[in-house]
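Computed from heavy atoms alone, side chains included, the values below leave out hydrogens, waters and symmetry copies.
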Amino acid sequence: MVTTSPPTPPTVAARWLRVARALWRALAAAASRLTSGVHGAWRRSLQLRVVTITLVASSLLVGGFAYLIADKITGILLENAESDVRLRLRNGSEYASKQFNLYSQPREAQLQDTIDGTVNYLAGGDPAQLNGVVVAITADNFTEYIKPRTSPAVDVAPLIGPELRAKVAAGERAHQIRTGVLGDRRTKYLAYGSPVPTRFGQLELYYLVPLARQDATAADARATVVATGAALVLLLGLLAALVTRLVVTPVRVAARTAQRLSAGLLDQRMVVNGEDDLALLAASFNQMATNLQRQILRLEEMSRLQRRFTSDVSHELRTPLTTVRMAADLIFAERDEFDPAVARSAELLQTELDRFEELLTDLLEISRFDAGFAMLDAEPTDLVPVVHRVTERLAGLAERVGVTIELDVPDQPVIAEVDPRRVERVLRNLVGNAVEHGEGKPVRITLGMDQSAVAITVRDHGVGLKPGEEKLVFNRFWRADPSRARQTGGTGLGLSISLEDARLHGGWLEAWGAPGQGAQFRLTLPARAGDRLTTSPLRLVPADAALPFGPRDGGLLAIGPGAAGALAVGPAEESGRAEVTS
């Protein structure tokens, strides 16, 4: 029998480690959010950048200036103290030398008393100047006869360093600054030492001056300079904020006014105050807005008149066209009884009337798009029969020009919520153009779908499109080669109407082409009406295309409606959509 032991519970260290990791991740996330927020505010606010730069620059300048001033004041105070101590030390050394020259031996009985009196005299000669000063006389060469004396009686050994003692013993005047405790206070002292020559040898005289008053004065000066500098920095920051606000506020107002103008509110204007440069900017901006409004209204009026003219002419031509059509049909039906020349004229009349009627229909459709009256009659539609129906209708034209139409469609139904009449019209225009420009080579129609979109590509291997023609292919009445003889007698409005049909569905109609490699058009529609497209099930650039530069699906230009319905011209990955490469 095999027994298994229960799992070992996690140790306390492991639990603390997990807690520490979770806390670290939370702190890192908070720091990242804070950094992102600060970076965003820094990039968005000109006033914040100007005020911050002013504060930093003024802080560095004022800080350096305050340091120099405080250092200068400290140096002056210390120099004054040193001058005073040197004077006292020189006078004291001369006085002590005169007193000690009375003795020829260090062992004389009255010498120690003379040293005590001299120390007390030097320490108390001028209380106003020497308050807190410690005077000491030592005899390093005669320690067995002469005891060190200080006034007041404190231990000064910690304040007289070995270096200072050695220099004074060698006959030099020297000084140093040391911090020590005398009595019950810890204070910084300036220690000066001088040799005192006598008949029996050399003694050492030391003055120890407390620097507490100088330090307090220097601290007060530094505090005053720092406070003044901080106030000056804050004042400069406030001044920079106010000045920047005076400049930034009109710019922000101009930006908001420009946004309203771009949104179509053409009556927006800036308020003009004063006669300075900002007022001149506001006045110039208002003048520009007025001129733009005038031009836009003029163009809108011209466009409205043009649309109305096109619509009225198209409708007015219906009646005479119907009459001419009835007469032409009658003549065409009796053409066998006419002279051959008259019969041929009847056939040409019938052909041109068909083309004229098609042109009139397209003009009416374009006028509806321009007027915004085009309506989408979407319903669940299987696109496979639509593709087959378009292929069958153009089979005669393809056979006449020697082009083979190849189909690559799924076996299962491809259902999408579309307007079948408009989709069939788009495919008819795309396939008709491909057959027309296919140079007798096969035309391939591919149908694909994914969860959110359906796509149809029409590929030909004809002359293709020259660089820059991708921008023109959807223009009205544009032809790649005006001298080329057409087989179908198109109106030049087919691709323009197809683009409007794709936009009406919320879809894309895009074109790719290269000289000598043919062209490919891609129609992408949302599977559900009203959805927003993000990707296409089929690639725009064909897999067999030899790209002259750059990666596939990104090196050549694609043209089609962008995310907002406007034409997007540029590499495929820059057109606002992600290309599906498999």
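- Side-chain contact of Asn291 with Gln295: a donor-acceptor pair under 3.5 Å is absent, judged by distance alone.
- Side-chain contact check for Val272 versus Leu280: every heavy-atom pair is 4.5 Å or farther apart.
- Exactly one of Asn286, Thr290, Thr257 qualifies for a side-chain hydrogen bond (donor to acceptor under 3.5 Å, both in side chains) with Arg269. That residue is Thr290.
- Partners of Asp71 by salt bridge (Lys or Arg N to Asp or Glu O under 4.0 Å), not counting sequence neighbours: none found.
- With sequence neighbours left out, the side chain to side chain donor-acceptor pair (under 3.5 Å) criterion links Arg86 to Ser83, Tyr192.
- Residues satisfying the side chain to side chain donor-acceptor pair (under 3.5 Å) test with Glu204, not counting sequence neighbours, are Thr138.
- Under the side chain to side chain donor-acceptor pair (under 3.5 Å) criterion, Arg199 pairs with no residue at all, not counting sequence neighbours.
- Annotation: Arg245, atom CZ; neighbour count of heavy atoms from other residues, nucleotides and ligands within 6.0 Å does not exceed 12.
- With a 4.5 Å cut-off on side-chain heavy atoms, Lys147 and Gln112 count as touching.
- Partners of Tyr103 under the ring pair (Phe, Tyr, Trp, His ring centres under 6.0 Å) rule, at least two apart in sequence or in another chain, do not exist in this structure.
- For Thr228, the side chain to side chain donor-acceptor pair (under 3.5 Å) criterion is met by no residue, not counting sequence neighbours.
- Between Glu510 and Arg522 there is a salt bridge, with a side-chain nitrogen of the basic residue lying less than 4.0 Å from a carboxylate oxygen of the acidic one.
- For Phe142 and Phe200, the ring centers sit closer than 6.0 Å to each other.
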